[in-house]
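One is the number of the first residue; the rest follow in order along the sequence.
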Amino acid sequence: MKCAIILAGGKGTRMKSEMPKVMCEVLFEPMISHVVRAVKSAGCEDICVVTGYKHEIVENFLPKEIKTAYQNPQLGTGHAVMTARNFVEEHKNDEILILNGDGPLMDAETINAAYGYHKANKNAITLISAIVDDTNGIGHIKRDENGNLLCIVEHKDANEEERKINESNAGTYWFNGNALLYALDRITNNNVQNEYYLTDSLAILIGKGENAGAYVCEDNEVVLGANDRKQLNILNNIMRRKINDFHMENGVDIPCTDGVIICTNVKIGASTTILPNTVILGNTVIGSGCTIGPNTFITNGKTGNHVKLDNVKLSDSEVQDGTDCGPFVQIRAGSKICKNVHIGNFVEVKNSVVGEGTKCAHLTYIGDSDVGESVNFGCGAVTVNYDGKNKHRCKIGSHAFIGCNTNLIAPVEIGDYAFTAAGSTITDNVPENALSVARAKQINKADWVLKKKPYKNMK
């Protein structure tokens with residue numbers, strides 16, 4: 001059985017955040033979220049997160065099935081694992097993955113490749129390493145003249161020669177459970193920081209005669225973490241690039257990646273085009289042959305095929321096949337835009353169903369409404385859904401024509417094929433096939449302007 005311990009107790013002082021370090025976000029998700037997803041994808045069936053600074057924030061964020069251990073005070077990575085000793089003892093006959101909660105680029109492929117190396121060589125400990133130009137202040141891996149592992153030297157404790165070693169410790173390890181317990185009982189704090197380093201377990205287990213190895217990962221970016229906002233920006237750019245590359249390799253066209261941010265869980269069909277300044281978040285699903293953007297923001301949205309969204313904000317809603325929206329359209333939570341609908345500029349839809357083939361060309365608000373098929377909304381139509389205390393719904397039948405500047409005072413029902421005259425305020429139901437006119441009689445007062453002189457500088 002594979003299981004995992006994620007170290008997530010750090011404050012992250014250089015982040016200058018009121019949140020724990022692992023809650024700082026990469027692509028709009030806390031770093032710990034990316035790590036948990038990778039660990040689960042790698043097949044780890046049981047997970048324990050070691051928390052510390054403001055531990056309750058991390059604990060409340062994590063899924064309920066994840067176990068936690070509290071590290072206080074924080075005396076190093078070895079001490080962090082010691083606080084999870086009950087978890088280790090529970091899995092002493094299993095293989096235990098240990099990694100950092102602030103390494104959001106670590107992926108399931110690398111974790112499983114290291115696991116395969118670990119099992120094939122019957123190792124007690126396997127660490128993941130990377131060949132880098134700059135170790136960025138993390139551990140250096142020492143080997144003998146034959147390439148065999150000797151130990152890991154923390155950067156702060158390294159001498160000048162050791163600091164030249166460019167094989168860097170990723171802070172990710174596979175342990176045999178019993179071997180990990182053996183090492184935890186022998187780690188000391190005899191170092192510059194007076195901390196208990198998990199890295200010391202390598203030399204301890206080699207000294208015991210156990211097999212040890214280092215899996216050198218092919219992609220050295222997966223080992224990167226962040227200690228400040230500049231490094232966090234680097235992680236954002238790397239992950240953004242990798243996700244965009246993934247979609248392009250799967251047939252999505254991103255002709256210019258400027259401002260294109262696509263988050264981890266997003267699914268996009270082939271032959272869809274994503275234009276600049278488009279941000280797609282959450283569990284969004286986009287169909288094939290769509291054009292999304294420019295300047296479009298989607299979170300937890302779903303689109304069918306051949307949908308066009310130009311300067312659209314779409315949240316927690318569905319847009320079906322063949323619909324086009326924009327520019328300057330907002331589709332708010334709980335909405336369903338059916339097939340072949342046209343929604344033009346400066347239109348807002350909220351918590352409504354808009355039926356197939358309906359047209360709403362400009363300057364209209366549809367809120368809390370059930371709209372039938374092939375309805376036409378004139379410019380400036382409004383469903384008035386709030387009476388100051390409660391929200392009410394409108395129902396508009398198929399093939400209805402809502403004239404310009406019509407106010408539908410909910411709750412009200414417009415029948416199939418009914419018309420409302422421009423400028424009407426509709427407070428009662430309109431039967432099917434009827435024309436409803438609800439406006440005051442026009443009165444023209446001759447020469448009123450000459451008498452009242454309402455304009456400035458009138459003589």
Side-chain angles (χ1 to χ4, degrees), residues 60 281-284 296-302 309 311-320 323 325-338 341-356 358-443:
N60 290 334
L281 312 181
N283 295 311
T284 295
T296 293
F297 183 96
I298 304 174
T299 179
N300 298 319
K302 181 180 179 181
L309 302 180
N311 284 263
V312 172
K313 185 172 184 180
L314 171 66
S315 304
D316 300 287
S317 296
E318 177 184 0
V319 178
Q320 295 185 348
T323 286
C325 302
F328 312 114
V329 166
Q330 181 170 198
I331 300 173
R332 293 166 57 191
S335 295
K336 179 180 178 181
I337 314 300
C338 296
V341 169
H342 168 65
I343 296 180
N345 52 290
F346 301 104
V347 173
E348 180 178 348
V349 181
K350 173 252 180 186
N351 191 31
S352 296
V353 176
V354 179
E356 184 173 342
T358 288
K359 292 179 171 56
C360 185
H362 33 216
L363 299 164
T364 291
Y365 173 69
I366 302 173
D368 298 297
S369 297
D370 299 297
V371 180
E373 297 179 4
S374 300
V375 173
N376 188 88
F377 285 88
C379 179
V382 175
T383 59
V384 185
N385 57 334
Y386 184 52
D387 64 8
K389 291 183 179 180
N390 299 300
K391 294 287 180 71
H392 302 281
R393 295 189 74 82
C394 285
K395 183 177 180 181
I396 301 170
S398 296
H399 307 282
F401 187 99
I402 309 302
C404 292
N405 294 315
T406 292
N407 297 310
L408 302 179
I409 311 299
V412 71
E413 183 172 340
I414 310 299
D416 294 346
Y417 292 95
F419 268 60
T420 66
S424 293
T425 296
I426 306 298
T427 57
D428 297 317
N429 293 343
V430 179
E432 62 182 39
N433 298 309
L435 167 65
S436 181
V437 182
R439 57 194 183 202
K441 181 180 179 181
Q442 181 172 325
I443 299 173

Checklist entry - Judged by atom type as modelled, is there a donor-acceptor pair below 3.5 Å linking the side chain of Ser317 to the main-chain atoms of Lys336? => result no
Item to check | Considering all heavy atoms, the nearest Ala418-Val430 contact | outcome: CB-CG1, 3.8 Å
Checklist entry - How close do Ser352 and Ile366 get, heavy atom to heavy atom, and via which atoms? => result OG-O, 3.5 Å
Checklist entry - Taking atom CG of Asn407 and atom CD1 of Ile402, what is their separation to the nearest 0.5 Å? => result 11.5 Å
Next on the checklist: Tell me whether Thr358 contacts the main-chain N or O of Val375 through its side chain, where contact means a donor paired with an acceptor under 3.5 Å.
Outcome noted: yes
Next on the checklist: Ignoring hydrogens, what is the shortest heavy-atom contact between Cys325 and Ile331? Give both atom names and the distance.
Outcome noted: SG-CD1, 3.9 Å
Checklist entry - Between Asp316 (side chain) and Gly334 (backbone), is there a donor-acceptor pair under 3.5 Å? => result no
Checklist entry - For the atom pair NE2 (His362) and CZ (Phe328), what is the distance rounded to the nearest 0.5 Å? => result 15.0 Å
Checklist entry - Rounded to the nearest 0.5 Å, how far apart are CD of Glu373 and CD of Glu356? => result 5.5 Å
Checklist entry - With sequence neighbours left out, which residue pairs that include part of residues 417-442 fulfil the ring-ring contact (aromatic ring centres under 6.0 Å, His included) condition? => result His399-Tyr417, Phe401-Phe419
Checklist outcome for this item: Here the pair of heavy atoms bringing Lys391 nearest to Asp368 is CD-OD2, 3.9 Å
Next on the checklist: Main chain of Ala422, side chain of Arg439: is a donor-acceptor contact present, judged purely on distance under 3.5 Å?
Outcome noted: yes
Checklist entry - What's the spacing between Asn433 CG and Leu435 CG if we round to 0.5 Å? => result 11.5 Å
Next on the checklist: Holding to side chain to side chain contact (heavy atoms under 4.5 Å, CB included), I want the full list of residues that pass it with Val412, two or more places apart in sequence or in another chain.
Outcome noted: Cys394, Leu408, Ile426, Asn429
Checklist entry - Does a side-chain heavy-atom distance below 4.5 Å link Asn385 with Lys350? => result yes
Next on the checklist: Given 3.5 Å as the limit, does a donor-acceptor pair link the side chain of Asp416 with the main chain of Ser398, or not?
Outcome noted: yes
Item to check | 4.5 Å side-chain heavy-atom contact, Val347 and Phe377 | outcome: no
Checklist outcome for this item: Looking only at heavy atoms, the pair that brings Ser424 and Ala438 closest together is OG-N, 3.0 Å
Checklist outcome for this item: Between the OG1 atom in Thr420 and the CD1 atom in Ile414, the distance rounded to the nearest 0.5 Å is 6.5 Å
Checklist entry - So, do Leu314 and Thr296 sit near enough that their side-chain heavy atoms are less than 4.5 Å apart? => result no
Checklist entry - Do Cys360 and Val354 come within less than 4.5 Å of each other through their side chains, counting heavy atoms only? => result no
Next on the checklist: Between Arg393 (side chain only) and Ser369 (backbone N and O only), is there a donor and an acceptor less than 3.5 Å apart?
Outcome noted: yes
Checklist entry - Would one find more than 12 heavy atoms of other residues, nucleotides or ligands at under 6.0 Å from atom NZ of Lys313? => result no
Item to check | Closest non-hydrogen atom pair between Gly367 and Thr383, with its separation | outcome: N-OG1, 2.8 Å
